[in-house]
**Q** 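Could you have a look at this structure, given as structure tokens, before my questions?
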Amino acid sequence: QVHLVESGGDSVQAGDSLRLSCVASGDDFSINQMGWYRQAPGKQREEVAVIRSGGRTNYADAVKGRFTVGRDNAKNSVYLQMNNLKPEDTATYYCRTEYGVGPGDAVYIEWGQGTQVTVSS
């Protein structure tokens with residue numbers, strides 16, 4: 001019902017910056033929240049940053065002060081500005097959304113396919 005497409009991942013050096021984008025597409029949906037998660041090989045997927053209705057945000061301790069999450073006015077896309085990247089940030093980054101469809105009250109979850117971020121020292 002909703003399709004998420006991430007972009008912006010790249011291979012960079014420590015201290016560089018990247019901007020990830022995620023666009024949601026579909027029919028008759030409304031976004032409740034969008035966020036970014038990441039997963040490194042052999043590790044659990046972890047929340048990086050989430051932006052909720054009204055602009056309230058949450059950040060993982062490891063990225064506070066370096067990453068910024070934002071959403072466009074249509075609330076169907078989200079970005080993650082990543083500054084001062086560290087090798088520890090290397091992971092596949094996934095976009096995630098919670099959304100409703102039409103007049104119903106049900107909440108659905110959708111994940112993107114992920115975009116790779118590699119940071120070398």
Side-chain angles (χ1 to χ4, degrees):
Q1 293 179 286
V2 169
H3 182 60
L4 302 179
V5 178
E6 303 102 328
S7 63
D10 203 354
S11 296
V12 299
Q13 294 182 331
D16 287 350
S17 297
L18 284 174
R19 186 180 179 94
L20 307 183
S21 296
C22 174
V23 179
S25 61
D27 187 33
D28 194 24
F29 70 95
S30 59
I31 299 294
N32 300 134
Q33 62 176 265
M34 299 185 75
W36 292 94
Y37 294 69
R38 67 185 182 187
Q39 186 169 23
K43 298 183 179 180
Q44 293 183 331
R45 190 172 297 185
E46 63 178 352
E47 180 183 299
V48 176
V50 174
I51 185 165
R52 309 180 188 278
S53 179
R56 180 171 175 265
T57 58
N58 294 89
Y59 295 94
D61 289 341
V63 306
K64 287 181 179 178
R66 298 188 297 119
F67 292 7
T68 302
V69 64
R71 191 167 65 190
D72 70 4
N73 291 333
K75 300 182 179 180
N76 65 347
S77 64
V78 64
Y79 69 83
L80 183 67
Q81 180 64 44
M82 310 165 68
N83 296 328
N84 192 25
L85 283 161
K86 304 176 180 180
E88 303 90 87
D89 297 317
T90 295
T92 302
Y93 285 71
Y94 298 90
C95 182
R96 175 187 182 273
T97 184
E98 296 183 5
Y99 67 97
V101 178
D105 294 328
V107 177
Y108 302 88
I109 299 173
E110 186 67 33
W111 292 86
Q113 291 297 311
T115 185
Q116 180 65 38
V117 173
T118 301
V119 185
S120 59
S121 61

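In this chain, numbering begins with 1 at the start of the sequence shown. Because the structure is predicted, anything quoted here is derived from the model rather than measured.
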**Q** If I compare all heavy atoms of Met34 with all of Cys22, which pair ends up nearest, and what's the gap?
**A** CE-SG, 4.0 Å
**Q** Look at the rings of Phe67 and Tyr93 and say which category their plane angle falls in: under 30° parallel, 30 to 60° tilted, over 60° perpendicular.
**A** tilted
**Q** Would you list the atom pairs, donor with acceptor, under 3.5 Å between side chains in residues 109-121 and any protein atom, with sequence neighbours excluded?
**A**
from: Thr115; atom 1: OG1; to: Gly9; atom 2: N; distance (Å): 3.1
from: Gln116; atom 1: OE1; to: Thr92; atom 2: OG1; distance (Å): 2.8
from: Gln116; atom 1: NE2; to: Ala91; atom 2: O; distance (Å): 3.4
from: Gln116; atom 1: NE2; to: Thr118; atom 2: OG1; distance (Å): 3.4
from: Ser120; atom 1: OG; to: Val12; atom 2: O; distance (Å): 3.3

**Q** Cationic tip of Arg45 within the cone over Tyr37's six-membered ring, i.e. under 6.0 Å and within 45° of the normal?
**A** no
**Q** Within this structure, what is the CZ-CG distance for the pair Arg19 and Asp10, rounded to the nearest 0.5 Å?
**A** 15.5 Å
**Q** Could you tell me which non-hydrogen atom of Tyr99 sits nearest to which non-hydrogen atom of Phe29, and how far apart they are?
**A** CD1-CB, 4.1 Å
**Q** Say whether Leu80 and Leu18 are linked into one hydrophobic cluster, either directly or through other cluster members, by side-chain heavy-atom distances under 4.5 angstrom.
**A** yes
**Q** If Ile, Leu, Val, Met, Phe, Trp and Tyr residues are connected whenever their side-chain heavy atoms lie under 4.5 Å apart, and connections chain through other members, are Val2 and Val50 in the same group?
**A** no
**Q** Can you tell me how far the OG atom of Ser7 sits from the OH atom of Tyr79, to the nearest 0.5 Å?
**A** 14.5 Å
**Q** side-chain contact (heavy atoms from CB on, under 4.5 Å), that's the test. Do Arg66 and Met82 meet it? Break it down for me.
**A** CA-CA 6 Å; Arg66 298 188 297 119; Met82 310 165 68; over 6 Å; no
**Q** Could you tell me whether Asp27 atom CG has more than 12 heavy atoms of other residues or ligands within 6.0 Å of it?
**A** no
**Q** Partners of Tyr94 by ring-ring contact (aromatic ring centres under 6.0 Å, His included), sequence neighbours excluded?
**A** none
**Q** Please report the closest heavy-atom contact between Gly70 and Val78, naming both atoms and the distance.
**A** O-CG2, 3.0 Å
**Q** Given Thr97 and Tyr108, is the side-chain contact (heavy atoms from CB on, under 4.5 Å) satisfied, shown in steps?
**A** CA-CA 8 Å; Thr97 184; Tyr108 302 88; over 6 Å; no
**Q** For residues Val63 and Val48, report the shortest heavy-atom separation together with the two atoms involved.
**A** CG2-O, 3.7 Å
**Q** For the pair Arg96 (side chain) and Gln33 (backbone), establish whether a donor and an acceptor sit closer than 3.5 Å, ignoring hydrogens and angles.
**A** no
**Q** For the residue pair Asn76 and Ile31, what are the closest heavy atoms and their distance?
**A** CA-CG1, 4.2 Å
**Q** Is it true that Lys86 and Asp89 have a side-chain N and a carboxylate O under 4.0 angstrom from each other?
**A** no
**Q** What closest approach, in Å, do Leu4 and Ala24 show between heavy atoms, and which atom pair accounts for it?
**A** CD2-CB, 3.4 Å
**Q** Among the clusters formed by ILVMFWY side chains lying less than 4.5 Å apart, do Tyr59 and Leu20 turn up in the same one?
**A** yes
**Q** Are the side chain of Glu98 and the backbone of Asn32 linked by a donor-acceptor contact shorter than 3.5 Å?
**A** no
